[in-house]
Amino acid sequence: MARRALVTGITGQDGSYLAEFLLRRGYEVHGIIRRASTFNTHRIDHLYVDSHIRGTKLFLHYGELLDGARLATLLSTVRPDEVYHLAAQSHVRVSFDEPEYTGETTGLGTIRLLEAIRQIGLDCRFYQASSSEMFGSSPPPQNEGTPFRPRSPYGTAKLYAYWTVRNYREAYGIFAVNGILFNHESPRRGETFVTRKISRGVARIRAGLDRHLFMGNIDAIRDWGYAPEYVDGMWRMMQAETPDDYVLATGVGYSVREFLALAFEHAGLDWTKYVRFDERYLRPTEVDCVIGDAEKARVLLGWVAEVHAPQLVKIMVDADIRAVESTHTPRIDRPAISGWDPTPR
Ligand code: NAP
Ligand code: F7E
């Protein structure tokens, strides 16, 4: 019998790579998607095969983290062996605008799932997408023993979920793990996260579609890895003999400024000519520097990040250049459009 996984957040960056990873390993994969008036499955469309076709291994179900009854129904009908809980309001800047919604989804979503598992008496393993944002102002390098000092509603919501996982593990013996993942990126990264904003901005400026890229705090330092490698780490945590918590990171930090320089340089451009400051992208409180120590994952799971920021930049910029070239005619060839406004967005 194929193992069965339930993935929340399957339409997101990590969910799409994890679904690919699990399908390759022969899993039957069930994903929870949100009902929307527009299509939101573009990251997994290449994996989806009509469920009327025999042998289909990917099944999608409507669901929502705010709706505990629906989550319980899905858990009791799908009866997964492994639950990967990746869904969240995952944008830190947005969490300052929508703190209550972020708490409801990113924080309480986890307890809704764990409590349903407990009530149903489901024998399954549970992965929680915890985050380096929980470390906040604790100085680097950060590992599993570093004190948590979150600096955003997103960080505090993730910390609530982190402790919920530990509590359900200790109180009820549920196999529940926290993957404390540092930033991981890819060409599938959401377009408003800084790495993708930069790679997309570089591609558009190179093509003559934009003139400037507006940025916030470029002194912040992050430990950026490559998302496909991190979903492998999630799976390894779930195969361990006993449930535990693990940091996944590259161990090397770069500033946003350095990422900008590398990205523009890869496209043959000088970043200082194009980048402008816009205070809209600042946060009320910032996490200045996170650099992870993933030694525990290396020793116990055999997991190591191979792709570091300089290679990641090239992967992302190349992908965005290809995307721009395939969807836009160069500006010089554009027909004149009345009312066309060349002001950059
Ligand atoms: P992402 O691209 O923003 O994807 C988030 C997913 O959650 C999407 O599928 C989204 O659905 C779904 N979602 C959001 N709100 C929901 C709700 N109320 N009900 C049901 N589904 C909802 O995030 P990601 O980068 O893949 O990250 C995956 C998880 O890891 C998140 O929990 C994130 O907080 C955490 N994390 C990420 C990183 C990182 O660097 N990427 C690091 C540490 C932890 P729609 O597509 O419909 O919006
Ligand atoms: O910002 C600075 C910004 O939004 C990185 C999420 O996946 O990783 C992510 O959270 C840094 C911050 O990611 C802009 O102030 C400057 O210091 O790409 P980000 P994040 O906040 O680190 C963690 C681990 C998660 O768990 C989260 O889910 O870049 N920055 N200028 C900017 N950031 C953005 N977004 N846009 C700017 O214009």
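Start at 1 with the first residue, then count along the sequence. Counting convention: from 1, in listed order, for ligands and their atoms alike. It should be emphasised that the depicted structure is a prediction, and the values quoted were computed from it without experimental measurement.
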Look at [atom] and find which of [options] reaches it with the closest heavy atom.
| atom | options | result |
| --- | --- | --- |
| atom 33 (N) of ligand 2 | Arg283, Glu185, His91 | Arg283 |
| atom 8 (O) of ligand 2 | Ile180, Leu260, Ile221, Asn183 | Asn183 |
| atom 44 (C) of ligand 1 | Ser186, Ser130, Ala157 | Ser130 |
| atom 36 (N) of ligand 1 | Phe193, Tyr101, Tyr154 | Tyr154 |
| atom 24 (C) of ligand 2 | Ser132, Ser152, Gly190, Gly201 | Ser132 |

Using a 4.0 Å cutoff against the non-hydrogen atoms of [X], which atoms of ligand 1 qualify?
| X | result |
| --- | --- |
| Ser131 | 43 (C), 44 (C) |
| Asn183 | 40 (O) |
| Gln13 | 2 (O), 25 (O), 26 (O), 41 (N) |
| Arg189 | 25 (O), 39 (C), 40 (O), 41 (N) |
| Thr105 | 18 (N) |
| Ala129 | 29 (C), 30 (O), 32 (O), 35 (C) |
| Gly12 | 2 (O), 4 (O), 8 (C), 9 (O), 26 (O) |
| Asn40 | 47 (O) |

Within one Ile-Leu-Val-Met-Phe-Trp-Tyr cluster: [X] and [Y], side-chain cutoff 4.5 Å:
| X | Y | result |
| --- | --- | --- |
| Ile32 | Phe21 | no |
| Leu312 | Tyr254 | yes |
| Leu122 | Val7 | no |

Exercise for the section: Could you establish whether Arg188 and ligand 1 come within less than 4.0 Å of each other, counting only heavy atoms on the residue side? Expected result: no
Exercise for the section: Give a yes/no on ligand 1: does Leu86 have at least one heavy atom closer than 4.0 angstrom to it? Expected result: yes
Exercise for the section: Could you say whether the N/O atoms of Gly216 and ligand 2 ever approach to under 3.5 Å? Expected result: yes
Problem - Non-hydrogen side-chain atoms of Phe126 and Tyr168 separated by less than 4.5 Å - result: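 No, side chains not in contact.
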Exercise for the section: Start with the C-alpha gap between Ile10 and Val29, add the side-chain angles, then the distance that decides, and say whether side chain to side chain contact (heavy atoms under 4.5 Å, CB included) holds. Expected result: CA-CA 10 Å; Ile10 194 167; Val29 177; 4.1 Å; yes
Completion exercise
By side chain to side chain contact (heavy atoms under 4.5 Å, CB included), Ser152 pairs with (sequence neighbours left out) Val92, Ser95, Phe96, Glu133, Tyr154
Handout entry: Numbered atoms and elements of ligand 2 in range of Ala220, under 4.0 angstrom, heavy atoms
Key = 17 (O)
Problem - Glu133 contact mode with ligand 1 (heavy-atom cut-off under 4.0 Å) - result: neither
